[in-house]
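Because only heavy atoms are used, hydrogens play no part in the values below, and waters and symmetry mates are left out as well, while side chains stay in.
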Amino acid sequence: MISMSPVRPGAGVRYLFRGVMVGDGHRAVGTPLRAAQDEAGVPPGVWKGRGLAALGLAAGDVVSERQAELLLGEGRHPDADRIERELLAQGKSPAQARRATVLGRPIEHNRSPETDKAKKRTPWLAFDLVFRPPPTAHIAWALMDDEHRRVLELCDSIARDKTLAWLEDSVAEIRWKAGGKERARVKDGLVVAVFRHYESRATESRPLLHAHAVVSVRARRPHDGKWGNLSADSLMTHIVAADTLYTLLFMEEVTARLGWAWEPREVTPGRRPVMDIAGIDRRLIGWQSTRRQQIEDALPVLTAKYEERQGHAPGERAAYALACQAADQTRSPKRTELLSLTELRKRWRTSAIRAFGACTIYRLAERARAAAAAVWAQVRPVVDVALAAASVVAVGYVMRGAFARHHLLAEARRHLSYALRGRPHEPGLDERIVQAAVDDYTRPVGRGRRMTADLRALYPSDTEDQAALRPLTRKRTAPPYERARLAADALAARVRAARRAERLGSRPRPYAVAVPAASRSHPRPFRDGRKDGRVLETETGIDTVERTRQTLEAAAAQVAATLQDSRRAREAAHGLRPQPTPATAPPPQPQEPGFQPAPGRTTGGVT
């Protein structure tokens, strides 16, 4: 999953340099950054993003302390010291030299008494995005051998970098003018500092493979190349869609490299399930997530107070806010003991063996491979675009009523995770599902970009199904996601029934089915096509049967005409009178030339 928090001047910058950059530990004042990272056993941070070229940096370069102080702490060029020296040597004043190194508007501008009230708030210097794989991935990473550990770290890095690239290409916007009313895509890209961590901040250390991607708020405008600030609300709006994309990509990388499969696990009854590696002992999840248990113990008290105050159970947003409040209340102080990753893995394995036995720990990889074989025997790597679109709209309709495109995009990626279980999907398939949902099953609401389910399009003449679907949005006794799944099943059944009726009535072309890229061991060729400009069409067996039937009928008609001409020629040669064809004679059946069926027998055909 991905969480997002701002980095502001003052306490935010101090937390970044004393905690995040040194493995969420505690950095003593005066300790150099590299020495603190070595002591904490975490690797140094590295730069990422396409916006580095404009600053003279390259992806993969180590983040030095001075570079981070200038860019992430002051909003200035990471090589500002050299630029200032050169400008001072040219005769510039110290104020002019310093202003030349500032990227965009100085931080001091927001504290000036001349600024209006909208600009007096504390500015954001960066966004701290925390990437965390699913829970069972932490267990496999911590307790398996070094080869599996390195592969899982590689999968995490690839999924994280691809998600950041999607944010660069499709989400990140730069704003300018009063109130940020002018917005456009960034010119170059993002500037990101990535710091990898290995453990949780709990007093009793537990494995938690995660990374902090600190995104600088500074970026360049596309039309004039000047520096400005990123739009925070654009990133916050799409953070759930980025979360689901990161999880989907991480699952695919793990399946491609290790051959494991994934399965949904219901953590809280009636809530969204999480995806776990199939075959990992569920008892290890409780051993790994001590912080989750602390939060779950504090959450019922907060939920009961909410129900007493509001008079109903909390919805999705309120439940998330209560979970954040429980996490803050149970947050323990950071540990002062610092251990290397090798020492941590030895301690984790010893603790797990003591709790669950050596057989459970040493056979984790073997059981994951066996469980994957069972999953692949039952799950087909096929995604039906129409059914996926109906499911996405149903979940969005019940959970939110009115929704935006990014809500559908996040739900489409969840659907791909549940359907494919780690198998790769075709690039852009999530967008095609969303476009199909928008075109076929939604209607606009109000003047904004919101939309809702179009029940008249889903049920043009069936009012009974409409009456059965509407109460699902108002039933407060059942959890929202449980009602959403019931609505999705109802819409999927309706789509299947409409398909059967059309197929039996007018024999139309079959609905498009999107087939993802097959695994290496089972290649599945496909071709790209377009239906109404958006849905992927694939080769199906029904088309082949239809063409074969038409070919056989044409061949049968030609054979029948040839036999009729031959019979007439023989009758004319022998002086026989032609016999009239009986009115009840059956139609000619397809048969091979020169083949005469035996009396009383018929030949078969293709329907």
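Separation of atoms CE (M275) and CD (E263) is listed at 8.0 Å; rounding is to 0.5 Å. Annotation: the span from S391 atom OG to D489 atom CG amounts to 8.0 Å, rounded to 0.5 Å. Remark: N229 CG to S216 OG distance equals 8.5 Å, nearest 0.5 Å. Rounded to the nearest 0.5 Å, atoms CG (L230) and CZ (R175) are 9.0 Å apart. With values rounded to the nearest 0.5 angstrom, E65 atom CD is found 5.0 Å from E69 atom CD. The distance from atom CZ of R432 to atom CG of D430, rounded to the nearest 0.5 Å, is 8.5 Å.
For the pair P207/W141, a side-chain contact is recorded, criterion being any heavy-atom separation below 4.5 Å from C-beta on. Between T360 and R283, the closest side-chain pair of non-hydrogen atoms falls below 4.5 Å. Contact check for E266 versus V274: no side-chain heavy atoms found under the 4.5 Å cut-off. Side-chain contact check for L258 versus L152: some heavy-atom pair is nearer than 4.5 Å. Looking at heavy atoms from C-beta onward, R449 lies out of side-chain contact with R405 at the 4.5 angstrom threshold. Residues H312 and E307 are not in side-chain contact: their nearest non-hydrogen atoms beyond the backbone lie 4.5 Å or more apart. Between V192 and L129 the shortest side-chain heavy-atom distance does not fall below 4.5 Å. A heavy-atom distance below 4.5 Å is not found between the side chains of V379 and R423.
Partners of A242 by side-chain contact (heavy atoms from CB on, under 4.5 Å), not counting sequence neighbours, listed by chain and number: I2, T163, W166, L167. Residues passing the ring-ring contact (aromatic ring centres under 6.0 Å, His included) test with F195, sequence neighbours excluded: none. Applying the salt bridge (Lys or Arg N to Asp or Glu O under 4.0 Å) test to D276 and every residue at least two apart in sequence or in another chain returns R265. Not counting sequence neighbours, the partners of A410 by the side-chain contact (heavy atoms from CB on, under 4.5 Å) test are V240, A241, T244, R414. Residues passing the ring-ring contact (aromatic ring centres under 6.0 Å, His included) test with F250, sequence neighbours excluded: none. Partners of R309 according to the side-chain contact (heavy atoms from CB on, under 4.5 Å) rule, which considers only residues two or more places apart in sequence or in another chain, are K305, Y306. Scanning for salt bridge (Lys or Arg N to Asp or Glu O under 4.0 Å) contacts around R421 gives an empty result, with sequence neighbours left out. For A358, the side-chain contact (heavy atoms from CB on, under 4.5 Å) criterion is met by I353, Y362, not counting sequence neighbours. Scanning for ring-ring contact (aromatic ring centres under 6.0 Å, His included) contacts around F17 gives an empty result, with sequence neighbours left out. When the side-chain hydrogen bond (donor to acceptor under 3.5 Å, both in side chains) test is applied to R196, the partners found at least two apart in sequence or on another chain are D156, S157. Applying the ring-ring contact (aromatic ring centres under 6.0 Å, His included) criterion to F403, with sequence neighbours excluded, gives no partner residue.
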Give the C-alpha distance, both sets of side-chain angles, the deciding distance and a yes or no for side-chain contact (heavy atoms from CB on, under 4.5 Å) between V214 and F127. CA-CA 6 Å; V214 184; F127 312 97; over 6 Å; no
Between R347 and E199, does a salt bridge (charged side-chain N to carboxylate O under 4.0 Å, His left out) hold up when you go through it step by step? CA-CA 12 Å; R347 178 177 293 189; E199 54 182 327; over 6 Å; no
After noting the C-alpha distance and the side-chain angles of L408 and M451, does the key distance pass the side-chain contact (heavy atoms from CB on, under 4.5 Å) rule? CA-CA 10 Å; L408 298 180; M451 62 193 86; 4.0 Å; yes
E74 vs R218, test: salt bridge (charged side-chain N to carboxylate O under 4.0 Å, His left out). Steps then yes/no. CA-CA 11 Å; E74 302 177 11; R218 307 299 186 182; over 6 Å; no
R149 and E153: CA distance, side-chain angles, deciding distance, salt bridge (charged side-chain N to carboxylate O under 4.0 Å, His left out) verdict: CA-CA 6 Å; R149 175 186 65 83; E153 290 178 2; 3.1 Å; yes
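Considering all non-hydrogen atoms of both residues, L72 and A126 come closest at CD2-CB, 4.4 Å. Heavy-atom minimum distance, L71 versus V191: CD2-CG1, 3.6 Å. Nearest heavy-atom pair across V434 and A412 is CG2-CB, 4.0 Å. The two residues V63 and A68 have their closest heavy-atom pair at CG1-CB, 4.0 Å. When all heavy atoms of S351 and R206 are compared, the closest pair comes out as OG-NH2, 3.9 Å. Closest heavy-atom contact between R272 and M399: NH2-CE, 3.6 Å.
Between the side chain of T255 and the main chain of W260, a donor-acceptor pair closer than 3.5 Å is present. Using a distance-only test at 3.5 Å, with no hydrogens or angles considered, a donor-acceptor pair links the side chain of Q37 to the main chain of M21. Looking only at distances, a side-chain donor or acceptor of E252 sits under 3.5 Å from a matching main-chain atom of H425. Under a 3.5 Å cut-off, the side chain of E168 and the backbone N or O of L190 do form a donor-acceptor pair. Counting only distance, with no hydrogens or angles, the side chain of H197 and the backbone of V20 share a donor-acceptor pair below 3.5 Å. For T136 (side chain) and I277 (main-chain N/O), a donor-acceptor pair under 3.5 Å exists by modelled atom type. Judged purely by atom type and a 3.5 angstrom limit, R349 has no side-chain atom pairing as donor or acceptor with the backbone of A142. For the pair H407 (side chain) and A404 (backbone), a donor-acceptor distance under 3.5 Å is present.
The salt bridge (charged side-chain N to carboxylate O under 4.0 Å, His left out) pairs that include a residue from residues 229-243 are R183-D233, where partners are two or more places apart or lie in different chains.
Note: Y246 and F131 have perpendicular aromatic rings, judged against thresholds of 30 and 60 degrees for the angle between ring planes. Between H238 and H406, the angle of the ring planes lies from 30° to 60°, which puts this pair in the tilted group.
Screening V254, L249, T247 against M251 for a side-chain contact (heavy atoms from CB on, under 4.5 Å) leaves a single residue, T247.
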